[in-house]
Structure formats: structure tokens, C-alpha cells
Peer 1: 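Here it is, the structure in full.
Just so we're clear, the structure is a prediction, and the values are computed from it rather than from any experiment.
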Amino acid sequence: MLISILLPTKNAAAYLVDCLNSILSQTYEPWELIAINDHSVDNSQQILNDYASKDHRINCLNNEGAGIIAALRLAYQQAAGTYITRMDADDIMRPKKLELLAEQITLNGRGSLAVGLVKYFAETTLGDGYKSYEQWLNQLTTSKTNFKEIYKECSIPSPAWMLHRNDLELCGAFDHDVYPEDYDLAFRMRAANFNICPTPEIVHL
């Protein structure tokens, strides 16, 4: 199955090379990357263009609107994959991220929300708040209880999730623009009563 990776980016040139290299290093190969440059004023656009010129799976566009939701909406409109996942420009995928998340959907079928463990990192010292959030989030994911504590904080490890395209459509994809997209989308995933299907490995940094 083709996996579409949706990547909004704005002024992330300092991190973008590591991000893109982590995608190129995936063990699962049928993927496409839809990268949306959200009016960056650094050289993010040039980096994206350089990578796209070397790999036909990378498609780079400029945001027609403004902000992350508009960027995700445009990326999704261009996506051709059966499975959909997200990426942030200052994050890194572990090599088996796509393989492990796709495996969960393949094994469990439609209505499955594939999620993986995450690990936070920082250029200097990682704050205690991030450490606590990482521990809490991974505990929920491991026990498949993400939706039970959704009113505390965004309890779906964004962007360490994957859905079948039809299921993403079922919960409204990126049509909503009132609230922050990750938390709002998590509530809609909960309303759709998706079956949380975790992989026990760290898939996303």
C-alpha cells in the first residue's frame, strides 16, 4: 500500500535535512512525501526542492493559505496514498516507523488507528515537562487507553499515527480549522471510535 506522508514546514531549515533523511531511510519503500512550504523566509524551500529533484517520491508545494491547517489541507488534497500519516519538519522518523504503523493497519483492518511510541529530544537539556509528557503518552499508547485521558492533553502521539485514507475521511480529515489540528483531530478520532493499535517500539523522535 502506498503511504502518503504530509509534511507542513515553516522556517525549519535548521532541522529539515535530518527530517528528510529520516524519511529516505525508511525500511518501507512505497511512500510519497507531500511537503508544503508555509511561506518560509529561510532556505526551507531550496532544501525541499533539492531533495525533490533527487527523489520522485517527494512533491513540494507552496501553501496557498496560511498556517498549518491550510498546509495540511493542501497536502492531503494532493495525496494519493491508501494510508495517511503526518510528519513535522523538526522531527525524525525511526527507520521502521512506516513499516510498523502500516503493519498494524494491515493486521487489524479498517477502523484501526495505528500509533507508536515517541521520544522527545532537544538541542540542549530536555525539560522535565517534556519528559513527563513522553512518559504519560507512551504509557497510554502501550495500554491502548489514549482516549480515556483525552481531556488532560492531546493523548494521540502526533505525528506518530497512521490511518487508512477512508477512516481519515470518516473523521473529517483536515476540514476543521477552529482548534489546533492535532488535538481537534484526536477528539474526532475518538468520536469515530477507532480501535487503537499500538506498536511497542519507539517510532518517532
Peer 1: Under a single-linkage definition using a 4.5 Å side-chain heavy-atom cutoff for Ile, Leu, Val, Met, Phe, Trp and Tyr, are Val203 and Val118 assigned to the same hydrophobic cluster?
Peer 2: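 Each belongs to a different hydrophobic cluster.
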Peer 1: If you measure from SG on Cys19 to CG on Asp90, what distance do you get to the nearest 0.5 Å?
Peer 2: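 Cys19 SG to Asp90 CG: 8.0 Å, rounded to 0.5 Å.
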Peer 1: Nearest heavy-atom pair of Ala114 and Gln104: which atoms, and what distance?
Peer 2: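 Looks like CB-CB, 3.8 Å.
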Peer 1: Taking side chain as C-beta onward, heavy atoms only, is Lys119 less than 4.5 Å from Glu134?
Peer 2: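 Yes, side chains in contact.
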Peer 1: Decide side chain to side chain contact (heavy atoms under 4.5 Å, CB included) for His176 and Phe187; before the verdict, give the C-alpha distance in whole Å, the side-chain angles of both, and the deciding distance to 0.1 Å.
Peer 2: CA-CA 12 Å; His176 298 225; Phe187 272 100; over 6 Å; no
Peer 1: How close do Ser44 and Asn37 get, heavy atom to heavy atom, and via which atoms?
Peer 2: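 That closest heavy-atom pairing would be CB-OD1, 4.3 Å.
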Peer 1: Heavy-atom count check: over 12 atoms from other residues, nucleotides or ligands less than 6.0 Å from Lys148 NZ?
Peer 2: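 Incorrect, the count does not exceed 12.
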Peer 1: List the steps and the verdict of salt bridge (Lys or Arg N to Asp or Glu O under 4.0 Å) for Arg86 and Glu181.
Peer 2: CA-CA 11 Å; Arg86 279 259 286 106; Glu181 62 82 21; 2.9 Å; yes
Peer 1: With side chain to side chain contact (heavy atoms under 4.5 Å, CB included) as the criterion, how do Gln26 and Lys97 come out once you've worked through the C-alpha distance, each side chain's angles and the decisive distance to 0.1 Å?
Peer 2: CA-CA 7 Å; Gln26 290 300 296; Lys97 175 184 177 179; 3.7 Å; yes
Peer 1: Say whether Tyr151 and Leu185 are linked into one hydrophobic cluster, either directly or through other cluster members, by side-chain heavy-atom distances under 4.5 angstrom.
Peer 2: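 Yes; tracing contacts between hydrophobic side chains, which count when under 4.5 Å, links both residues.
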Peer 1: Show, in sequence, the C-alpha distance, side-chain angles and deciding distance for Asn49 and Cys60, and conclude whether the side chain to side chain contact (heavy atoms under 4.5 Å, CB included) test is met.
Peer 2: CA-CA 7 Å; Asn49 289 341; Cys60 303; 4.2 Å; yes
Peer 1: Cut-off 3.5 Å, side chains only: do Asn63 and His39 have a donor facing an acceptor?
Peer 2: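 Looking only at side-chain atoms, His39 and Asn63 do not form any donor-acceptor pair under 3.5 Å.
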Peer 1: Side chains of Gln45 and Ser40: do they bring a donor and an acceptor to under 3.5 Å?
Peer 2: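 Not at all, the side chains of Gln45 and Ser40 share no donor-acceptor pair under 3.5 Å.
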Peer 1: Out of curiosity, Ile34 CD1 to Gln78 CD, how far, rounded to the nearest 0.5 Å?
Peer 2: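 Atom-to-atom, Ile34:CD1 and Gln78:CD are 7.0 Å apart.
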Peer 1: Enter the distance from Thr82:OG1 to Ile84:CD1 here, rounded to the nearest 0.5 Å.
Peer 2: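 If I round to the nearest 0.5 Å, the distance is 8.0 Å.
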Peer 1: Please state whether the rings of Tyr130 and Tyr120 are parallel, tilted or perpendicular, taking 30° and 60° as the class boundaries.
Peer 2: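 Taking Tyr120 first and then Tyr130, their aromatic rings sit tilted (interplane angle of 30° to 60°).
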Peer 1: Surrounding CD of Gln77 (heavy atoms of other residues, nucleotides or ligands, distance under 6.0 Å), is the total greater than 12?
Peer 2: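 Correct, the count exceeds 12.
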Peer 1: So, Asp182 side chain and Ser158 main chain: donor-acceptor pair closer than 3.5 Å or not?
Peer 2: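 The answer is no, because no donor-acceptor pair under 3.5 Å joins these two groups.
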Peer 1: Any idea which heavy atoms bring Cys154 and Leu137 closest together, and the distance?
Peer 2: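 It is O-CD1, 3.9 Å.
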Peer 1: Show the nearest heavy-atom pair for residues Ala89 and Ala12, with the distance to one decimal.
Peer 2: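 Answer, listing the atom of Ala89 first, then Ala12: CB-CB, 3.5 Å.
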Peer 1: How many angstroms lie between atom SG of Cys171 and atom CE of Met189, to the nearest 0.5 angstrom?
Peer 2: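 It comes to 5.5 Å.
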Peer 1: Between Leu170 and Phe194, is any pair of side-chain heavy atoms under 4.5 Å apart?
Peer 2: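 Yes, at least one pair of side-chain atoms sits under 4.5 Å.
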Peer 1: If you count heavy atoms of other groups shown closer than 6.0 angstrom to CD of Gln139, is the number above 12?
Peer 2: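 It does not: Gln139 CD has 12 such atoms or fewer within range.
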Peer 1: Check Phe147 against Ala186 and note the closest heavy-atom contact, atom names and distance.
Peer 2: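 Answer, listing the atom of Phe147 first, then Ala186: CE2-O, 3.9 Å.
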Peer 1: Which value, rounded to the nearest 0.5 Å, describes the distance between Asn108 atom CG and Glu103 atom CD?
Peer 2: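 Going from the CG atom of Asn108 to the CD atom of Glu103 covers 9.5 Å.
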Peer 1: For Tyr83, which fellow cluster members are found when Ile, Leu, Val, Met, Phe, Trp and Tyr are connected by side-chain heavy-atom distances below 4.5 angstrom, either directly or through intermediates?
Peer 2: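 Cluster partners of Tyr83: Met1, Ile3, Ile5, Leu7, Leu16, Val17, Leu20, Ile23, Leu24, Tyr28, Trp31, Leu33, Ile47, Leu48, Tyr51, Ile58, Met87, Met93, Leu98, Leu101, Ile105, Met162.
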Peer 1: With a cut-off of 6.0 Å (strictly less than), are more than 12 heavy atoms of other residues, nucleotides or ligands near OH of Tyr183?
Peer 2: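 Yes, because the 6.0 Å sphere around OH of Tyr183 holds more than 12 heavy atoms from other groups.
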Peer 1: Linking I/L/V/M/F/W/Y whenever their side-chain heavy atoms sit closer than 4.5 Å, directly or via other members, would Tyr133 and Ile156 fall into one cluster?
Peer 2: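 Result: no, two separate clusters.
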Peer 1: So how far is it from Arg57 CZ to Leu2 CG, rounded to the nearest 0.5 Å?
Peer 2: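 Reported value, rounded in 0.5 Å steps: 10.5 Å.
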Peer 1: As a test of understanding, state which of Ile68, Leu74, Leu6, Leu72 forms a side-chain contact (heavy atoms from CB on, under 4.5 Å) with Ile36.
Peer 2: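 With Ile36 as partner, Ile68, Leu74, Leu6, Leu72 yield a single side-chain contact (heavy atoms from CB on, under 4.5 Å), made by Leu74.
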Peer 1: Using the salt bridge (charged side-chain N to carboxylate O under 4.0 Å, His left out) rule, collect all pairs that involve residues 160-170, keeping only residues at least two apart or in two chains.
Peer 2: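 Matches after skipping sequence neighbours: Arg110-Asp167.
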Peer 1: Could you list who else is in Leu117's hydrophobic cluster, with ILVMFWY side chains joined at under 4.5 Å, directly or through other members?
Peer 2: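 For the cluster that includes Leu117, the remaining residues are Ile92, Phe121, Ile202, Leu205.
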Peer 1: Is a donor from one side chain sitting under 3.5 angstrom from an acceptor on the other, for Thr141 and Asn146?
Peer 2: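 Per modelled atom types, Thr141 and Asn146 side chains form a pair under 3.5 Å.
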Peer 1: His164 and Ser112: side chain to side chain contact (heavy atoms under 4.5 Å, CB included), yes or no, with the steps?
Peer 2: CA-CA 8 Å; His164 189 286; Ser112 301; over 6 Å; no
Peer 1: Is there side-chain contact between Cys197 and Leu113, with at least one heavy-atom pair below 4.5 Å?
Peer 2: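 No, their side chains stay 4.5 Å or more apart.
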Peer 1: For residues Trp136 and Glu149, is any side-chain donor paired with an opposing acceptor at under 3.5 Å?
Peer 2: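 Checked: Trp136/Glu149 side chains pair up, N/O donor to acceptor below 3.5 Å.
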Peer 1: Would Asp184 and Arg188 satisfy salt bridge (Lys or Arg N to Asp or Glu O under 4.0 Å), going step by step from the backbone distance to the final call?
Peer 2: CA-CA 6 Å; Asp184 180 59; Arg188 288 185 275 122; 3.0 Å; yes
Peer 1: Is there a path of hydrophobic side-chain contacts, each under 4.5 Å between heavy atoms of I/L/V/M/F/W/Y residues, joining Leu163 to Leu140?
Peer 2: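 Not linked; separate clusters.
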Peer 1: Are Ile196 and Val115 packed together at the side-chain level, in the sense that at least one heavy-atom pair is separated by less than 4.5 angstrom?
Peer 2: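 Counting from C-beta outward, Ile196 and Val115 do come under 4.5 Å.
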